[in-house]
Enquirer: 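This is the structure, below, for whatever I ask next.
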Amino acid sequence: MTDLFTGYFLLSVVIFLLGLYCVISQGNLIKIVIGLEIMGKGIILNFIAAGFFQNNTGVAQALVITAILVDAVLISVILALIVNVFRHTGGILADQIAGLKG
Amino acid sequence: MIMGDAVWVVLPEFLLLFGALTAYTFGRVGKRRWSRYTGGIATLFAIATLGVLITAIPAVQEGKIPFVAMNPGGIRLALDPLALFLGIAGTTLLIISCLYSIRSLEEDTGTEKYYALLLLMAAGVLGIGLAQDLFNMYVFFELMAIASFPLVAYHTGTWEPVKAGTRYALMSAAGSITALFGLSILFVYAGTLEIDGIGPALSSVAPATVQSIVLMAGGLMAAGFGVKAAIVPLHTWLPDAHSVAPSGISAMLSGIVIEAGLIALVKALMPLSGLAPHLTFGLTLALFAAVTMCLGNLIALKQRDLKRMLACSSIAQMGYIMLAFAFGMGLSGRGTELGFIGGLYHILGHVFMKGGAFLCAGAFLYAIQTRNLDEMKGIGKALPLVGISYTLCILALNGMPPMTGFISEIFICRAGIEAGGLAILFVFLMLGNIVLSLGYYLPSINTIMFSKEKGQKVTEIKPVPPLMQATILVATLFTLILGIFPQIGLGIVSPAAAYLFHQFFPV
């Protein structure tokens with residue numbers, strides 16, 4: 001692996017961790033979803049960089065396009081659920097769906 | 001390019017996906033009242049799928065593995081024994097759940113969405129078995145997960161399902177994204193995600209690097225798929241989601257979906273197992289299994305909500321299955337095939353005993369509109385067939401002799417004893433947990449069947465339709481048949497266990 005690749009890899013880890021921080025620290029459901037998206041984008045960068053440096057761009061492209069598709073479906077279903085949360089409570093705070101009853 | 005006996009691989013998956021499309025369009029395009037027939041359509045497609053899978057049994061038992069491959073390095077699907085096992089278990093429960101839902105959701109509108117999503121979820125379960133590379137497995141895993149979120153929150157008019165569904169969706173999404181990160185790390189170093197190809201591809205990498213890759217990728221994938229499998233620190237979504245979902249869905253979620261999550265986890269660890277001899281997945285999994293079964297049983301003890309109690313008991317049952325797989329992978333060194341047989345047999349049994357128990361709880365809910373156990377006093381006398389089925393399913397969950405839970409628990413204990421050493425300690429822990437679980441199973445049977453006084457609502461129950469009772473009876477009969485004639489279940493379990501064992505220990 002080249003040094004340039006290590007740079008890309010570290011960048012993708014940083015993006016992933018930024019997203020994770022966003023998911024953990026934010027109290028707004030929409031912001032949590034944005035955090036999930038940022039995590040996903042870090043992974044996609046990793047796939048693209050790996051494909052490029054291994055001369056395996058065909059497979060990497062196929063994986064990335066599928067991953068984006070899955071991501072889009074996942075996020076739209078979650079947003080639809082959040083719309084329902086809003087209808088019931090008039091808010092979109094994560095506290096409203098928390099409540100640990102074991 | 002398509003090779004092999006493609007029809008056995010593609011047809012079951014196609015039937016489930018096409019069934020979802022047909023059920024949905026039929027309910028949407030036709031007149032409004034047509035949507036009530038979508039349940040029947042979904043059932044027909046499910047039966048056809050099961051039929052195709054059953055015709056494939058003899059060929060797979062002979063050791064043939066039908067497969068489909070598109071250009072080398074691309075998609076490869078194969079009906080290996082594990083896929084066949086997962087498909088048959090999932091599709092049988094799908095048929096039971098569809099038939100049950102036809103009557104239990106009679107008053108709901110928009111059932112075409114319900115059945116379409118149900119078939120998509122079953123397609124995801126089957127696909128997890130069929131996929132021969134980790135990325136396709138991830139896609140099918142997501143199909144299963146995404147289809148299950150709206151199903152949990154199906155009754156959007158009430159707050160509880162929406163809350164549980166959203167929480168489940170967010171946790172599950174975070175989990176699957178974490179798993180994808182693990183996959184991307186594997187792809188960086190191996191350049192391929194095919195299950196057979198990862199090991200050889202990593203053989204040219206330095207051993208120290210391989211060890212850290214296996215640790216990172218394996219840990220991330222285990223954490224990601226572990227959310228779905230309800231491994232203990234990641235289980236918090238389960239009691240909510242499984243208890244507020246419609247009962248047919250609770251049966252599917254507890255009966256096959258969390259088990260499919262565990263199978264996905266095991267399949268993700270398969271290519272990594274031989275690469276780093278110092279890392280024993282078996283011991284790690286056994287430790288998590290121990291925590292999972294203890295905590296699952298302990299939180300089930302204090303539940304007064306029947307469906308919630310069954311959901312918590314699912315966590316404990318997942319602990320037993322994980323322990324069995326841990327014995328299969330070996331706590332130290334070589335594992336034993338008996339462990340995989342026990343784990344897979346327990347999954348097969350759990351499909352019917354937990355599925356049946358959830359359907360019974362659903363029938364009680366249908367009859368008196370409450371999930372509270374205290375208000376169900378004496379309901380077993382008012383609904384004798386459901387009450388007796390509930391008793392049998394619960395006794396099976398606890399592992400009483402004539403039922404299926406007994407057979408699989410015997411297999412797990414034998415696997416532990418064969419492994420010896422530390423494994424014996426885990427076997428004793430499991431036996432202790434089985435005794436502990438009596439602490440909530442028996443009082444629930446006592447309340448439902450033998451209570452002298454009657455709950456207020458029990459005096460005026462809504463009669464449970466015969467079709468619902470029939471499906472409950474079928475599930476209960478299966479728990480008895482699989483317990484009395486274990487060779488029927490072993491016909492599909494043993495090849496799958498042998499396949500898994502061969503994947504972990506090729507020589």
Side-chain angles (χ1 to χ4, degrees), chain A residues 1 5 8-9 12-13 16 19-20 23-24 29 32-33 35-40 42-51 53-56 58-60 62-64 66-67 69-71 73-78 80-89 92 94 96-102, chain B residues 71 73-75 133 135-136 138-139 141-143 145-147 149-150 152-153 156-170 172-174 176-178 180-193 205 209 220 235-236 239-240 295 298-300 302-303 305 308 312:
Chain A
M1 294 292 153
F5 175 75
Y8 276 113
F9 181 67
S12 77
V13 172
F16 183 84
L20 190 62
V23 169
I24 293 169
L29 289 175
I32 290 177
V33 172
L36 288 173
E37 278 293 274
I38 294 173
M39 285 163 82
I43 298 165
I44 284 170
L45 177 65
N46 201 8
F47 270 122
I48 294 173
F53 284 100
Q54 289 185 332
N55 277 330
N56 204 356
V59 174
L63 297 188
V64 165
T66 319
L69 177 83
V70 169
D71 235 24
V73 177
L74 180 68
I75 295 305
S76 50
V77 169
I78 293 180
L81 285 169
I82 292 176
V83 169
N84 276 301
V85 171
F86 181 76
R87 281 192 188 140
H88 278 280
T89 63
I92 44 169
Q96 285 158 334
I97 59 160
L100 286 167
K101 284 200 288 177
Chain B
N71 67 17
I75 299 169
D133 69 288
F135 191 80
N136 278 312
Y138 165 80
V139 173
F141 179 84
E142 282 286 37
L143 174 64
I146 293 170
F149 308 149
V152 168
T156 46
T158 36
W159 167 232
E160 281 259 290
V162 173
K163 173 186 163 186
T166 313
R167 201 164 129 197
Y168 168 41
L170 285 173
S172 182
S176 49
I177 287 175
T178 312
L180 187 61
F181 194 46
L183 290 184
S184 80
I185 289 177
L186 268 186
F187 184 71
V188 165
Y189 288 96
T192 174
L193 286 173
V205 184
T209 324
L220 285 168
H235 70 285
T236 47
D240 272 329
L295 205 78
L298 285 175
I299 53 179
K302 61 167 186 162
Q303 305 300 338
D305 174 334
R308 210 179 167 84
C312 293

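Within every chain, numbering begins at 1; the chains are lettered A, B, ... in the order of the sequence lines, protein sequences first and strands thereafter.
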Enquirer: Quick one: what part of B/L193 sits under 4.5 Å from any heavy atom of chain A, side chain, backbone, both or neither?
Expert: side chain

Enquirer: Should we say atom CZ of B/F135 is surrounded by more than 12 heavy atoms from elsewhere, each under 6.0 Å from it?
Expert: yes

Enquirer: Could you look at A/A80 and say if it's the side chain, the backbone, both or neither that has a heavy atom under 4.5 Å from chain B?
Expert: neither

Enquirer: If I measure from the heavy atoms of chain B, does A/V70 come under 4.5 Å with its side chain, its backbone, both, or neither?
Expert: both

Enquirer: Evaluate the side-chain proximity of B/V162 to A/R87: yes if any heavy-atom separation is below 4.5 Å, no if none is.
Expert: no

Enquirer: Do A/N46 and A/F16 have side chains that get closer than 4.5 Å, going by heavy atoms?
Expert: no

Enquirer: Identify, with sequence neighbours excluded, every residue that meets ring-ring contact (aromatic ring centres under 6.0 Å, His included) alongside B/Y168.
Expert: B/F149, B/W237

Enquirer: Does any backbone or side-chain atom of A/V33 lie under 4.5 Å from a heavy atom of chain B? Answer side chain, backbone, both or neither.
Expert: side chain

Enquirer: Which one wins on heavy-atom pair count under 4.5 Å against chain B: A/I78, A/L20, A/I32?
Expert: A/I78

Enquirer: Using heavy-atom distances under 4.5 Å, tell me whether B/F187 contacts chain A through its side chain, its backbone, both, or neither.
Expert: both

Enquirer: Is it the side chain or the backbone of A/L29 that comes within 4.5 Å of chain B heavy atoms, both, or neither?
Expert: side chain

Enquirer: May I ask you to decide if B/T156's main-chain N or O and A/H88's side chain share a donor-acceptor pair within less than 3.5 Å?
Expert: yes

Enquirer: Let me know if A/A49 has heavy atoms under 4.5 Å from chain B in its side chain, its backbone, both or neither.
Expert: neither

Enquirer: When only pairs under 4.5 Å are counted, which of B/A173, B/G165, B/S172, B/A300 shares the most heavy-atom pairs with chain A?
Expert: B/A173

Enquirer: What option among A/T89, A/D71, A/I75 has the most heavy-atom pairs under 4.5 Å with chain B?
Expert: A/T89

Enquirer: Could you tell me the separation between the CG atom of A/L63 and the CG atom of B/L183, rounded to the nearest 0.5 Å?
Expert: 9.0 Å

Enquirer: So, the side chain of A/N56 versus the backbone of B/G191: is there a donor-acceptor pair under 3.5 Å, distance only?
Expert: yes

